[in-house]
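Working notes, structure below.
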Number of protein chains: 2
Amino acid sequence: MAVTLRDVAEKAGVSVRTVSNVVNGFQHIAPATRARVQEALEELNYRPNLVARSLRQGRTGIIMLVLPEINVSYFGELAHEVVDYASLCGITVQIDESGGDSLREKQLLTALSRASWVDGVLFSSLGLRGVDLAGLAGSRPLVLLGERTARTALDHVGIDNVEAARQAVAHLIERGRTRVAAIGGSGGARDATSKYRLKGFERAVRDAGLDPEGLYLRTPDYRRGSAASAVRELLEWDERPDALFCFSDELAAGALRELYEHGVRVPDEIAVMGFDDIEASSFSTPSLSTIRPDKAGIAKAAVDTLLRRLDDPAGERREINVGFELVRRESSG
Amino acid sequence: MAVTLRDVAEKAGVSVRTVSNVVNGFQHIAPATRARVQEALEELNYRPNLVARSLRQGRTGIIMLVLPEINVSYFGELAHEVVDYASLCGITVQIDESGGDSLREKQLLTALSRASWVDGVLFSSLGLRGVDLAGLAGSRPLVLLGERTARTALDHVGIDNVEAARQAVAHLIERGRTRVAAIGGSGGARDATSKYRLKGFERAVRDAGLDPEGLYLRTPDYRRGSAASAVRELLEWDERPDALFCFSDELAAGALRELYEHGVRVPDEIAVMGFDDIEASSFSTPSLSTIRPDKAGIAKAAVDTLLRRLDDPAGERREINVGFELVRRESSG
DNA sequence: CTGTTAGCGCTTTCAA
DNA sequence: TTGAAAGCGCTAACAG
């Protein structure tokens with residue numbers, strides 16, 4: 001059914017070798033031969049069988065991007081950048097979701113070893129443990145995205161979460177707030193991201209000579225729906241906070257909604273900062289001040305690192321910190 | 001380097017055939033042999049080379065999902081459902097973005113024929129033309145998602161956009177609105193989605209004995225940022241509309257923002273309806289009334305249809321309409 | 001410059 | 001029940 005090199009070779013009256021050379025743009029070919037082969041190629045509408053090519057070359061040009069959930073805006077935007085940049089490099093991206101919960105994380109690891117056609121993996125997880133990673137040791141190159149959750153020899157691309165969080169909270173304090181609360185986190189005990197954002201929060205508060213004690217509320221995940229109960233709780237404190245630092249824009253969106261339902265004016269009564277700068281945040285009412293990680297930069301660094309690792313499996317471990325930016329909008333006053 | 005069937009066969013003192021049988025769970029194997037092979041398998045930590053297997057079997061278990069942009073919430077949520085359901089079927093999903101603009105649509109088609117390892121394609125495009133599709137005729141099975149934009153023999157999964165839009169607008173009219181405007185669309189001349197939603201809008205308006213003339217404003221795309229200028233324009237009409245039907249939730253979010261900036265109260269002065277029910281919509285202020293297409297249903301139908309088509313390439317064309325639901329929230333009063 | 005050919009690792013037909 | 005071997009379509013080493 002499918003046209004093969006042999007079919008083309010027969011039609012053009014040359015060997016498969018020659019056809020292969022033409023297909024792959026090899027240099028030293030007699031113009032006449034090339035023309036003849038080209039013609040046969042067109043006439044038969046030849047399409048190379050990439051599976052066969054991959055088997056031969058040991059590379060597929062496919063990388064896998066593993067993230068918690070693609071429908072979460074931040075990850076959707078990150079995936080967009082990755083797909084975008086990878087396609088520039090002639091790489092196709094396959095997407096797998098870890099779901100965030102550790103039950104499915106096991107399936108995921110199975111999937112990972114299942115997917116032997118994948119050249120390499122970009123892994124963005126909230127709670128990957130060292131033991132999990134161990135199982136991957138011998139397999140394909142893997143670049144960790146987001147926060148490093150275990151001491152490994154893996155390449156890593158992320159941002160300085162401590163400093164970013166510190167700047168976010170410092171910004172609230174600069175705007176005159178003195179009682180800043182923080183909310184965020186995830187079910188995973190090893191959620192390093194929230195650990196570092198919390199550290200940055202505490203640092204900023206202490207730098208201002210204030211006390212962060214008792215001002216942090218954990219949430220089960222980073223989604224919009226998870227902010228409500230935390231917000232309800234802090235509204236009942238004896239001394240209400242006058243600012244709120246959310247560990248994600250989605251949480252912030254949920255917080256804005258809950259504050260609105262309680263008739264609390266933002267930023268007048270409570271200022272709000274998010275983290276991620278998802279697209280929706282500049283359109284919310286009020287628009288959301290936030291930290292904007294350089295998503296395109298993360299994507300580029302991640303893909304580049306992975307490709308480099310493919311060529312040089314033994315190369316030195318790379319630890320890349322990509323930039324971020326503080327975005328001031330209405331919600332922080 | 002990688003362990004192959006042969007390595008295992010040698011170690012176990014059997015033929016590759018036998019090892020293959022064990023790996024694939026073949027029935028008729030002597031218990032003793034099986035045990036010996038299992039042991040060798042474990043000891044060498046054998047992982048099948050799926051590229052080789054695919055070459056042999058002519059199937060990879062990979063399908064491609066093509067959509068405009070993965071960072072657009074609706075598509076992110078749809079992709080989530082597709083990845084979810086496909087993984088249940090043992091299928092991996094590869095994602096490609098068409099970008100929406102026809103310039104990149106050509107690259108996309110190239111990519112499609114490039115990607116010969118893909119078993120089949122789920123294609124969600126806003127403006128695919130018949131001629132474009134023609135080029136794919138001989139290649140892999142393709143299921144069209146969203147709106148059918150050309151008369152083809154392709155399978156198609158979507159929702160009844162005319163009826164959904166009609167219900168949305170009828171709902172606004174039921175709530176007492178008499179002057180409903182519509183905004184949405186895309187650059188493509190062949191944006192069938194907006195065509196049908198517009199038709200549903202007009203039908204609902206006429207059904208109520210009103211006149212839709214001059215109440216539709218085209219936007220360049222369905223994104224949040226594209227609603228602003230349309231909203232500014234309709235606010236300057238002599239007779240202001242008292243309701244607004246947006247062809248997507250993102251447009252509606254942009255509209256809510258713009259109305260807020262102009263001090264127009266929603267829903268008191270203008271009621272707003274969206275379309276898609278992205279997650280953010282239930283958290284906006286005011287929360288957004290909208291049409292909720294059964295995304296999981298679309299994903300399931302799409303994957304099922306594609307898999308069936310793989311087994312039966314000559315089967316009858318399938319035309320599937322998935323359900324939807326009207327979601328009443330604050331923005332429609 | 002081009003033809004011949006040996007595999008890449010696997011499944012599967014044909015024999016035994 | 002198991003072995004031997006063909007071959008999926010391609011690339012590349014080796015000849016010529």
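Residue numbers start from 1 in every chain, and the chains themselves are labelled A, B, ... in the order their sequence lines are given, proteins ahead of strands. Note that these values count all heavy atoms, side chains included, but never hydrogens, waters or copies made by symmetry.
- Atom C1' of nucleotide dG9(D) and atom CG of L5(A) are separated by 7 Å, given to the nearest angstrom.
- A distance of 9.0 Å separates CG in D96(A) from CZ in F123(A), rounded to the nearest 0.5 Å.
- Closest approach to the Y46(B) side chain among dT1(D), dC10(C), dT5(C) is made by dC10(C) (side chain taken as heavy atoms from C-beta onward).
- Rounding to whole angstrom units, CZ of residue R6(A) and P of dT4(C) are separated by 12 Å.
- With salt bridges taken as basic N to acidic carboxylate O contacts below 4.0 Å, one links K295(A) and E77(A).
- The side-chain contact (heavy atoms from CB on, under 4.5 Å) check on N24(A) picks up S20(A), R53(A), with sequence neighbours excluded.
- Rounded to whole Å, the distance from CG on N24(A) to C1' on dG9(D) is 13 Å.
- The side chain of V14(A) lies closest to dG3(C) when the candidates are dG3(C), dA4(D), dC10(D).
- The side chain of T18(A) has dG3(C) as its nearest neighbour among dA4(D), dG3(C), dT12(C).
- Put simply, CZ on R34(B) is 12 Å from C1' on dT1(D), counting in whole angstrom units.
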**Item:** Steps toward side chain to side chain contact (heavy atoms under 4.5 Å, CB included) verdict (L122(A), V303(A))
**Value:** CA-CA 8 Å; L122(A) 300 180; V303(A) 173; 4.2 Å; yes
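- In R317(B), the CZ atom is crowded: over 12 heavy atoms of neighbouring residues, nucleotides or ligands sit closer than 6.0 Å.
- The side chain of S15(A) sits closest to dT4(C) out of dT4(C), dT11(D), dT2(D).
- Looking at heavy-atom distances under 4.0 Å, F26(B) makes no contact with the nucleic acid at all.
- Residues passing the side-chain contact (heavy atoms from CB on, under 4.5 Å) test with V8(B), sequence neighbours excluded: V3(B), V19(B), A40(B), L41(B), L44(B), Y46(B).
- Between L145(B) atom CG and T305(B) atom OG1 the span is 9.0 Å, to the nearest 0.5 Å.
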Between the protein and nucleotides 13-16 of chain D, list the N/O to N/O atom pairs that are separated by less than 3.5 angstrom.
from: dA13(D); atom 1: N6; to: R17(A); atom 2: NH1; distance (Å): 2.8
from: dC14(D); atom 1: N4; to: R17(A); atom 2: NH1; distance (Å): 3.2

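- To the nearest angstrom, C1' of dG3(D) lies 13 Å from CZ of R36(B).
- Across E319(B), R318(B), E316(B), R308(B), a single residue satisfies side chain to side chain contact (heavy atoms under 4.5 Å, CB included) together with D155(B), and that is R318(B).
- Between the D119(B) side chain and the G61(B) main chain, a donor and an acceptor come within less than 3.5 Å of each other.
- For the segment residues 51-61 of chain A, residues with any heavy atom less than 4.0 angstrom from an atom of DNA chain C are, sorted by number, L55(A), R56(A).
- Whole-Å rounding puts the E10(A) CD to dT2(C) P distance at 18 Å.
- Counting only Watson-Crick and G-U wobble pairs whose two key distances fall under 3.5 Å, DNA chain D forms stems of three or more stacked pairs at C:1-16 with D:1-16.
- With sequence neighbours excluded, the residues forming a side-chain contact (heavy atoms from CB on, under 4.5 Å) with E39(B) are E43(B), listed by chain and number.
- Nearest nucleotide to the V16(A) side chain, out of dT4(C), dA5(D), dT2(C): dT4(C).
- Looking at the side chain of S20(A), the nearest of the listed nucleotides dG3(D), dT2(C), dT11(D) is dT11(D).
- A heavy-atom distance below 4.5 Å is not found between the side chains of S54(A) and W117(B).
- Here L67(A) contributes atom CG and E97(A) contributes atom CD; the two are 7.0 Å apart, rounded to the nearest 0.5 Å.
- OP1 or OP2 of dG9(C) has not a single side-chain nitrogen or oxygen of T4(B) nearer than 4.0 Å.
- Between N21(A) and dC1(C) there is no side-chain N or O to OP1 or OP2 distance below 4.0 Å.
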